[in-house]
Structures are given as structure tokens and as C-alpha cells.
Amino acid sequence: MMGDQQETLILRDVLIPGGRVADITIRDGLVLHTGAADRGDVEIFCQDTTVLPAGTDLHVHMRDGVQKLKETWESGTKSAIAGGVTAVVDQPNTIPPLISPALVRDRVFLAASQAYCRFAINGAVTGDSDLTGMYRAGVFAFGETFAGPSSYGEAVDFEVLSKTMKQISSWNGIMTIHAEQVTEGTDDSLTRHDALRSVSGEVQTVQDVLNLNSSQCNLHFCHLSSAQAIQSVPVGTATVEVTPHHLFLSKDTFSPDDPRGKVNPPLRSEKTRKEVFSCWDRIDVIGSDHAPHSIEDKDQSFEKAPSGIPGVETMIPLLMGWMVEKKITIPEIIQKTSTNPSEMLGLSPAGFLPGNRADFAIFPEEYTTIHADSLHSRAKWTPFEGMKAIFPEITILGGAIVFDGGEFIRPDLSSSRCDIHQTSLADDPGLSLWIPGRGYTLEKPI
Ligand code: DOR
Ligand code: ZN
């Protein structure tokens, strides 16, 4: 980058959803013009490609710190942009959990020192969380709130939930919910895991949380894994997120005691997976729940292995495969991976119109077979091994190429006009990628 003014980037002959073919002229992080373009400093020829507004993934676990063998901000955000995702929201079940403004600040600076994409940080909901402090320190949302325990997440009781909702709703903030009930028992196979964290428990928890929400806090249900749970959320009461693994995988994809299929909420039957897909129109957001664990951690006995699977890099590529098979459409992919999650995050929409944020991913026509050794997560394995997908060749963030044919270029939004930050943050290239929540104030910098 590029001094006070960015170079002009032109995407030539972009097929815009709806059928128009146009050149997209990009400068200062924004689409400047859509239509026949003059010369640009950099030009990308987009015939025979699909250009999508890049994804915003509301649900990733970037690990790092004492868990850096599983993932670092560098490896996790490279994985994101190699999958066409340019903004990620980090979940707070870190070690230690993110419950104070000081920990939020440390997390922001750690991320800023390594990130290859935009990022936001969520604050944890526990009985001991300093909610006000974290709000002012710039968390995006509160949660995922464990209404049932998971890897590195303790369950929160209803009294804390209810008090927290009231507090967050006074700021018109967002609370995100991991909805599960866990029955005690031997957890030694995918079938047992599914039974111990049942669909009926998920539905019951969704109902309990909705009933508790007398303060009408903005609620977002993370990674719902059953049609019943999705359908039990009336439109307008909360937003619904579904993961690629609950759309593309079932417990039948794995041998019965393979810990690589262990995730919370669990993979269900093929029948349940298909029913989840039949709720496609009700799904507001596809979020990856990218939860990397090393091969060594995963390849223990089923009972000992942690839950969680990596997925930020394969999320949009898998959906692109379904698009080619005509199971879903391009506008649906854009809505659920980009427009809706960006709007929730307070990021201006990425898109093809003048004034839109110039974050794009450019996909070839050809399928690739997913192999872990071509992915960038430190997990070094993928539950989607051998499946067909279409990966982006080029990813653009803030009007600059950040990923091109396997090469990464670290973004720097510090001189970009689409920057949502106030200047003192934008001066630092790493911090310029941070998306602070609405409670963040410059008068009281973190
Ligand atoms: O399977 C899961 N793993 N579900 C979660 O909610 C947390 C995640 C993790 O952080 O490993
Ligand atoms: Zn979760």
C-alpha cells in the first residue's frame, strides 16, 4: 500500500448477479464505479470466473496464546482469506476466557500483530464477566454464551443469562447463544455423542433462552444443528446460524468412533442433515465455527478427544460447489455469508455497487478436491477431506489484493477511506483491521 491514495484496481467483465456484465472500478477501499472502465493501475480479467463479495464469518476460534499449536491469528486469518473470507469474529472461550477489558485489549493487540483479515472480538458471558468494561473495550457481541458446556466453555445458569440479557439489551447489543443440553454418560462414539447432546435438548434450550428474554435482547443462535431447533425460532425473535459441517456432513460420513467427527453440537444422522438443508430459507447466516484442534489432540480415544473441527477456509468453497450443482444460488450465498453477517457486525456491505466495500473473492470454474495439505490452518486436517469445492484464486480486501494464487499479502487499511475507524486506530496497519464494537469510545481508549 500505497500512500495517501490507493492505486486504482479494475475488475474487468464481472458477471453481476442478475446478468449484467460490467467493469468494477475500485479505489480507496470502495467501489468507485460500475460500468465500462478506463485504465487502472492494476487490472484483473474476470471472464469465466465467479466474483463474490467476500465473506464475513461470525464464528471462528482463532486460538493462539497457550493454544498456538492448534492455530495462530496468522494461520487462521490466512486460512480465512484463502477461503474468500475477509472478516472474522473470534469467540471468547480462549484460555483464559475473555471476561475483562484487559484481556480484550490483549486479544485485540495479539490479533492486530498477525491478522491477514478484518477481525472483531467477542466477550465471554460467565458469572464473573465485566460486561460493561468489555463493551467499552470494543467487543462486538457477547458470546458464544454456553447454555450447555462445550470444549473450553462452562455452562452458564439461567440467572446469569437473564441478568446478562438485560444488561446487553440496555446497549442494544447482541448476545450469541450456544444452545445445548448435555446428559451424563459414556461418550465413546458419534452415535453416543449425538444422543448425549440431543436434538430435543437443543430445541429445549432454544425455547428456554427465548422465554428468558423478557428484555428483548438481540439474540443470535449459533450453529443450530436440527430443523426442529431452526423452526422453533420465530422470525424476528433471533437470528439463526448454521455451520457448513451440519449442512455437508453427518455422523455417517465417519467411522462410528472417529473423533475427527466429534463436534458440539454433534453431527447428526443423514436424515437430520437433509432436514437442516430443507430449512435453507430460514438460515440467516452460515458461520464456520472454525474450531481447530491439532491431529494429536483429535486422534486420541473418542472420549478424550476435544470437540471441534476446522472450517473457515472450506465454508464458501463448499457452498460454491453446491451452487454449481444448482442446489443453491449465488444471491443466497452472498446473503448468508456476506450481507447478513456484515450487517450484524456493523460493516458496510461488500458488493458491486458504487460506495460498496471492495472486499471480493474471485472463483474459477473448476472444482478442486479438498485436501488438508493445501489448506492453511495449523490443524492440518479437515473433516471435508476428498469432497469437491471451488476455492478462490484471488481475494481482495479494502480494494487491495491480499491473496493471489497461493501468495499472501498482508492488508493495510490505514490510509483507506472505507475505514470505519477513527484515526488513531487507523494509523496502525494491524489495528486498522480491527472492527471495534459500538461501545468502544476514543475518549476512553482501551
Ligand atoms: O465443538 C466445538 N468446539 N464446539 C464449541 O462450541 C467450541 C469449540 C471449540 O472451541 O473447540
Ligand atoms: Zn459453540
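Indexing begins at 1, ligand by ligand and atom by atom, following the structure's order.
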Notebook entry, point to check: Is there side-chain contact between Arg136 and Tyr440, with heavy atoms separated by less than 4.5 Å?
Noted result: no
Note to self: If I consider every N, O or S atom in Glu144, which one ends up closest to the Zn ion (ligand 2)? I only need its name.
What the structure shows: OE1
Check: Are any of the side-chain heavy atoms of Pro310 and Glu71 separated by less than 4.5 Å?
Finding: no
Notebook entry, point to check: So, Asn218 versus Asn172: side-chain donor-acceptor pair below 3.5 Å or not?
Noted result: yes
Check: Is it true that Arg197 and Asp187 have a side-chain N and a carboxylate O under 4.0 angstrom from each other?
Finding: no
Next item on the list: State whether the number of non-hydrogen atoms from other residues, nucleotides or ligands found under 6.0 Å of Glu325 atom CD is greater than 12.
Entry: yes
Notebook entry, point to check: Salt-bridged, Asp359 to Arg118, with N to O below 4.0 Å?
Noted result: yes
Margin query: With the threshold set at under 4.0 angstrom, would you say Arg63 reaches ligand 1 through any of its heavy atoms?
Written below: yes
Check: In terms of atom number and element, which parts of ligand 1 are under 4.0 angstrom from non-hydrogen atoms of Ala291?
Finding: 3 (N), 8 (C), 9 (C), 11 (O)
Next item on the list: Would you mind listing which atoms of ligand 1 come within a distance below 4.0 Å of any non-hydrogen atom of His178?
Entry: 5 (C), 6 (O)
Checklist line | ligand 1 atoms in contact with His293 (distance to a heavy atom under 4.0 Å) | finding: 11 (O)
Notebook entry, point to check: Counting backbone and side chain alike, does Asp289 bring an N/O/S atom below 2.8 Å of the Zn ion (ligand 2)?
Noted result: no
Notebook entry, point to check: Think Lys336 forms a cation-pi with Trp280, using NZ or CZ under 6.0 Å from the six-ring centre and within 45 degrees of its axis?
Noted result: yes
Margin query: Distance check below 2.8 Å: does His59 bring an N, O or S atom to the Zn ion (ligand 2)?
Written below: no
Checklist line | Enumerated ligand 1 atoms positioned under 4.0 Å from heavy atoms of Val263 | finding: 1 (O)
Next item on the list: Have a look at His178 and say which of its N, O or S atoms is nearest the Zn ion (ligand 2).
Entry: ND1
Next item on the list: Hey, can you tell me if His178 and Phe146 have their rings parallel, tilted or perpendicular (30° and 60° cut-offs)?
Entry: tilted
Checklist line | Asn264: numbered ligand 1 atoms lying under 4.0 Å from its heavy atoms | finding: 1 (O), 2 (C), 4 (N), 5 (C), 6 (O)
Next item on the list: State the atoms of ligand 1, each with its element, that fall below the 4.0 Å cut-off from a heavy-atom position in Glu144.
Entry: 6 (O)
Next item on the list: Please could you name the atoms of ligand 1 that Asn93 approaches to less than 4.0 Å, counting only its heavy atoms?
Entry: 7 (C), 9 (C), 10 (O)
Check: If we only count N/O pairs under 3.5 Å, is Gly308 in contact with ligand 1?
Finding: yes
Item checked: Element-labelled atoms of ligand 1 that are located less than 4.0 Å from some non-hydrogen atom of Phe146 -> 6 (O)
Margin query: With respect to the Zn ion (ligand 2), please indicate if His223 possesses an N, O or S atom at a distance under 2.8 Å.
Written below: yes
Margin query: Can you tell me how far apart CG (Leu196) and OG1 (Thr186) are? Round to the nearest 0.5 Å.
Written below: 8.0 Å
Notebook entry, point to check: For the residue pair Phe408 and Tyr116, does the interplanar ring angle fall in the parallel (under 30°), tilted (30 to 60°) or perpendicular (over 60°) class?
Noted result: perpendicular
